[in-house]
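Before any comments, here is the structure.
Note that ligands are numbered from 1 as they come in the structure, with each ligand's atoms numbered from 1 the same way.
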Amino acid sequence: MARKIIAGNWKMNLLHHEALELVQKVGNYCQQTELNKVEVIVAPTFLDLAAAAYLTKGANLSIAAQNCSEHKQGAFTGEVSLDMIKSAQVNMVIIGHSERRQFFGDTEEVVHTKLQKALSARMIPILCIGESLEDRKSGNHEKIVKQQLQSALRGRAAENLTELIIAYEPVWAIGTGETASPAQAQEMHHFIRKQLNEMYDEAMAARTSILYGGSVKPSNAAELFSQPDINGGLIGGASLKYEDFVSLIEIGKKELR
Ligand code: 13P
């Protein structure tokens, strides 16, 4: 059974005090509510990571980093290593987000290296994959997603991937207000699971959580989360508002299987 997950990617939003206030509110909610096996994750910026982990200790809320360096340590100004993230009591990391791929030179090789290092460091990776509008229009979306998946996971055996989380985020649906239709999302999630089955085996494919990301909001979440191959959401904009994020968790509790 795949884990049911509602994750908020805060991206470069919220000032320090705002981030800590929100993480504490979400943490309190998670502590006081029966989550029906839905796991909740939030990913603040590096600046707020350690404090967020400290403030929500024992709260049934996991904290994730939005990125990590592919280097272990040393003269890499501005970078943050996996060991540093771990030392802040954070054991999850988003890898290969399309904004990193688009704006910060995270090539498929870089994404591969970061993923391998995160796995070796026993961190839980949230691997993001997804096609551009151009790929979708030209009918290459499955080919691109398959390539991203194969390239990132290359060389890893199924037993190393027991906690892997995948997020399918079509680039054309991120922050645009345009969502993949539930049918489009289900079709791609099913395709991804089929690839995992071919690359590994049925058990690995069945237990891997595949989250959908791209303009998920309370008004469209129920239809998306009720699709059989969608195990949760990776949410940007709507995760910044406490009421919206909590209502997405509530929808997840009802709809995710
Ligand atoms: P939005 O929900 O703002 O479209 O962002 C999705 C995303 O990129 C999450 O990682």
Side-chain angles (χ1 to χ4, degrees), residues 4-14 18-19 22-23 26 38-46 48-49 52 61-68 90 92-104 106 111 114-115 118 124-133 135-136 141 144-145 148-149 152 164-182 184-185 188-189 192 209-225 227 230-252 255-256:
K4 302 186 268 186
I5 296 172
I6 299 293
N9 174 9
W10 290 356
K11 307 190 180 181
M12 198 173 75
N13 291 294
L14 304 176
E18 294 168 335
L22 182 57
V23 86
V26 175
V38 170
E39 294 176 45
V40 184
I41 304 170
V42 295
T45 64
F46 284 134
D48 305 316
L49 219 47
L61 168 67
S62 300
I63 304 296
Q66 296 176 16
N67 179 36
C68 63
V90 170
M92 283 189 175
V93 58
I94 298 174
I95 291 176
H97 192 280
S98 66
E99 286 149 16
R100 301 287 326 165
R101 294 180 192 253
Q102 243 181 311
F103 307 128
F104 300 100
D106 281 16
V111 172
K114 288 183 178 182
L115 186 81
I124 300 174
I126 303 174
L127 170 67
C128 300
I129 52 180
E131 81 283 0
S132 66
L133 184 59
D135 299 327
R136 170 65 61 169
H141 45 292
I144 294 294
V145 163
Q148 290 172 338
L149 201 57
L164 173 73
I165 299 166
I166 292 176
Y168 168 59
E169 301 203 310
V171 179
W172 48 273
I174 296 179
T176 57
E178 190 178 341
T179 334
S181 69
Q184 276 173 324
M188 185 58 97
H189 281 235
I192 293 168
S209 279
I210 310 177
L211 316 183
Y212 170 78
S215 299
V216 177
K217 40 189 185 269
S219 58
N220 60 22
E223 265 199 296
L224 287 161
F225 292 171
Q227 301 302 314
I230 297 185
N231 306 115
L234 181 56
I235 296 131
S239 71
L240 299 169
K241 291 181 217 110
Y242 175 76
E243 288 74 19
D244 284 357
F245 192 55
V246 160
S247 103
L248 288 167
I249 298 170
E250 290 298 324
I251 296 168
E255 305 291 344
L256 293 170

Item to complete: Report, in ascending order of atom number, the atoms of ligand 1 lying under 4.0 Å from any heavy atom of E169.
Response: 6 (C), 7 (C), 8 (O), 9 (C), 10 (O)
Practice prompt. To the nearest 0.5 angstrom, please state how far the CG atom of N9 sits from the CD1 atom of I94.
Written response: 4.0 Å
Worksheet item: Which class fits the ring pair Y212 and H189: parallel under 30°, tilted 30 to 60°, perpendicular over 60°?
Response: tilted
Worksheet item: Taking atom types as modelled, is there a side-chain donor on W172 or E131 under 3.5 Å from an acceptor on the other?
Response: yes
Fill in: Residues S132 and D135: side-chain donor-acceptor under 3.5 angstrom
yes
Worksheet item: What heavy-atom pair brings L22 and L14 nearest, and what distance separates the two atoms?
Response: CD2-CD1, 3.8 Å
Worksheet item: Between the side chains of H97 and E169, does any donor sit under 3.5 Å from an acceptor?
Response: yes
Discussion item. Out of all atoms in ligand 1, which are within 4.0 Å of some heavy atom of G214? Include the element for each.
Written reply: 4 (O), 6 (C)
Item to complete: With heavy atoms only and a cut-off of under 4.0 Å, state how N9 meets ligand 1: side chain, backbone, both or neither.
Response: side chain
Fill in: Close-contact set for ligand 1 against S215 heavy atoms, below 4.0 Å
1 (P), 2 (O), 4 (O)
Item to complete: Please state whether A173 comes within less than 4.0 angstrom of ligand 1, counting heavy atoms only.
Response: yes
Worksheet entry | Contact check: G236 vs ligand 1, nitrogen or oxygen atoms, below 3.5 angstrom | yes
Fill in: Test of proximity, E99 against ligand 1: N or O pairs below 3.5 Å
no
Discussion item. Between ligand 1 and K11, can you find any atom pair, the residue atom being a heavy atom, that is separated by under 4.0 Å?
Written reply: yes
Item to complete: Consider every N or O of G237 and every N or O of ligand 1, then say whether any pair is closer than 3.5 Å.
Response: yes
Fill in: Spatial distance of atom CG (L127) from atom OH (Y168) [nearest 0.5 Å]
14.0 Å
Fill in: Min heavy-atom dist A238 to ligand 1 below 4.0 Å
no
